[in-house]
Amino acid sequence: MDAHYEEAQRFYARQMQLLDSGATDEWAGTFTDDGVFEVGDTVVRGAGDIAEAARKTAAQFAAAGITRRHWIGMLAVRPHPEGLTARSYALVLEIAEGGDVVPRRSTVCADLLVGSADGWRVKHRRITRDGMDPG
Amino acid sequence: MDAHYEEAQRFYARQMQLLDSGATDEWAGTFTDDGVFEVGDTVVRGAGDIAEAARKTAAQFAAAGITRRHWIGMLAVRPHPEGLTARSYALVLEIAEGGDVVPRRSTVCADLLVGSADGWRVKHRRITRDGMDPG
Amino acid sequence: MDAHYEEAQRFYARQMQLLDSGATDEWAGTFTDDGVFEVGDTVVRGAGDIAEAARKTAAQFAAAGITRRHWIGMLAVRPHPEGLTARSYALVLEIAEGGDVVPRRSTVCADLLVGSADGWRVKHRRITRDGMDPG
């Protein structure tokens, strides 16, 4: 058993709840200052730019009345010289007003997590969208 | 690391399996005798009334030949003077005869868990249905 | 708390990632040599035959350009004279080229896990497909 596994589970639960509740600045604070977020061909560098991108996306969904829920599952954690690598499935649900649930996107999330005074942070995240991005 | 996190994970796994298998009395036994279950504007008070409501709902789905599966995810647990607060996502799947899967409802589940001789029980549960209830 | 719960979580995360990435031989290696895989009326006996069946299925999905993601949830683990029994929900997502996500199948996965030099292996798996197989 390894304390890091539970820590990673708790980290993702907190991180996804922050994102989905629109707390985009706190969410971006779970990345390192020099954190990198890659999805498809898009690369966002630095917690500031990551926060801004998240704010824009959150505002669009809020304006459309859509709730998003990010689920992390099948989490695999391994030691890494800088911290931990974590590979998980991430499923994005979208819920419109009225309550209909649409499973919008299935992805693989490959993170490098590094320690900080406040716990784990993401130094590098690469999202691969199933059916869209090369595996 | 904190033993309570794993205990909470196991509690929810057991509780949801009981509900989905139609063991509504055992499921209601995972609430305290004075437990409260809130969803939207509906408030059910006491394990007896919670059991009765669950029995009725289970009977309706059984009559319609629909299997339900409640998934809990993104579980966040915090200490509370009376026990633990647990905030999680809950996704309800409905499966009709033939096997088609419908993600019926996405919710946030906010629980107050208190200890008992048989482990954790729900003293208060508030379900917020995405797209339906105020957040 | 029980080390086996986390071990089981990690086991399933690894096992499902192997299957979904097409590493069918490694996946079959997570069964014992005499492992049994039952789903509906079909019974496959032995890691060799389990690997072959998985290879065929994986090839069909690859040819159709469909990514599969197996999610395990609501995991309940109990001691057993030979190791552990694990009962979980398993949800199968299919993602076609373009990214549309289809929740294809909801199942209950009942495993007997036994220890090995490489960690847990499945000695017996019975999959019950919701809406299709008797519960």
Side-chain angles (χ1 to χ4, degrees), chain A residues 1-23 26-27 30 58 61-75 77 84 86 88-107 109 115 118-120, chain B residues 1-13 16 39-42 57 66 68-80 84-96 99-111 113 126-135:
Chain A
M1 199 168 50
D2 174 354
H4 295 336
Y5 192 70
E6 182 178 312
E7 287 171 12
Q9 289 181 308
R10 301 182 85 148
F11 173 78
Y12 286 108
R14 175 169 172 268
Q15 197 190 42
M16 297 302 142
Q17 289 201 15
L18 287 173
L19 180 61
D20 294 333
S21 64
E26 280 181 273
W27 174 77
T30 65
F61 280 99
I66 293 173
T67 302
R68 287 187 305 159
R69 298 293 174 203
H70 289 77
W71 286 62
I72 296 286
M74 302 299 93
L75 174 65
V77 171
L84 301 173
S88 62
Y89 295 170
L91 179 64
V92 187
L93 306 178
E94 291 179 11
I95 302 96
E97 288 168 7
D100 284 351
V101 181
V102 175
R104 177 59 67 196
R105 199 64 72 217
S106 168
T107 74
C109 176
D118 300 324
W120 296 102
Chain B
M1 198 168 50
D2 173 355
H4 294 158
Y5 192 69
E6 182 179 311
E7 287 171 11
Q9 288 181 309
R10 300 182 86 148
F11 173 78
Y12 286 109
M16 298 302 142
V39 53
D41 293 334
T42 304
T57 302
I66 292 172
R68 287 187 305 159
R69 298 293 174 204
H70 289 77
W71 287 63
I72 295 286
M74 302 299 93
L75 174 64
V77 171
R78 287 194 176 139
H80 179 280
L84 300 173
T85 59
R87 188 181 193 272
S88 62
Y89 295 170
L91 179 64
V92 187
L93 306 178
E94 290 179 10
I95 303 98
D100 283 352
V101 181
V102 175
R104 177 61 66 197
R105 199 64 73 217
S106 168
T107 74
V108 173
C109 176
D111 278 352
L113 303 178
R126 174 158 189 79
I127 301 289
T128 309
R129 295 166 298 182
D130 295 332
M132 299 177 70
D133 301 318

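- Residues B:Leu91 and A:Trp71 come closest through the heavy atom pair CB-CZ2, 3.6 Å.
- No part of B:Thr107 comes within reach of chain A, as not one of its non-hydrogen atoms sits under 4.5 angstrom from that chain.
- Closest non-hydrogen pair, A:Gln17 versus B:Ala76, comes out as NE2-CB, 3.9 Å.
- Considering CD1 of A:Ile95 and CZ of B:Arg105, their distance stands at 10.0 Å, rounded to 0.5 Å.
- In this structure, no portion of B:Val102 lies under 4.5 Å from any heavy atom of chain A.
- Put simply, CG on B:Asp130 and CG on A:Asp100 are 12.0 Å apart, with the number rounded to the nearest 0.5 Å.
- The side-chain heavy atoms of A:Arg10 and B:Leu75, taken from C-beta on, include no pair separated by under 4.5 Å.
- Listed here is the closest heavy atom pair of A:Arg69 and B:Ser106: CG-OG, 3.5 Å.
- Here B:Arg87 contributes atom CZ and A:Arg14 contributes atom CZ; the two are 12.5 Å apart, rounded to the nearest 0.5 Å.
- Within the 4.5 angstrom heavy-atom criterion, only backbone atoms of B:Arg104 (N, CA, C, O) approach chain A.
- At a 4.5 Å heavy-atom cutoff, B:Arg129 makes no contact with chain A through either its backbone or its side chain.
- Minimum interatomic distance between B:Tyr5 and A:Gln9 (heavy atoms only, all atoms of both residues): CE2-OE1, 3.8 Å.
- If you measure heavy-atom distances from A:Leu93 to chain B, the contacts under 4.5 Å come from the side chain alone.
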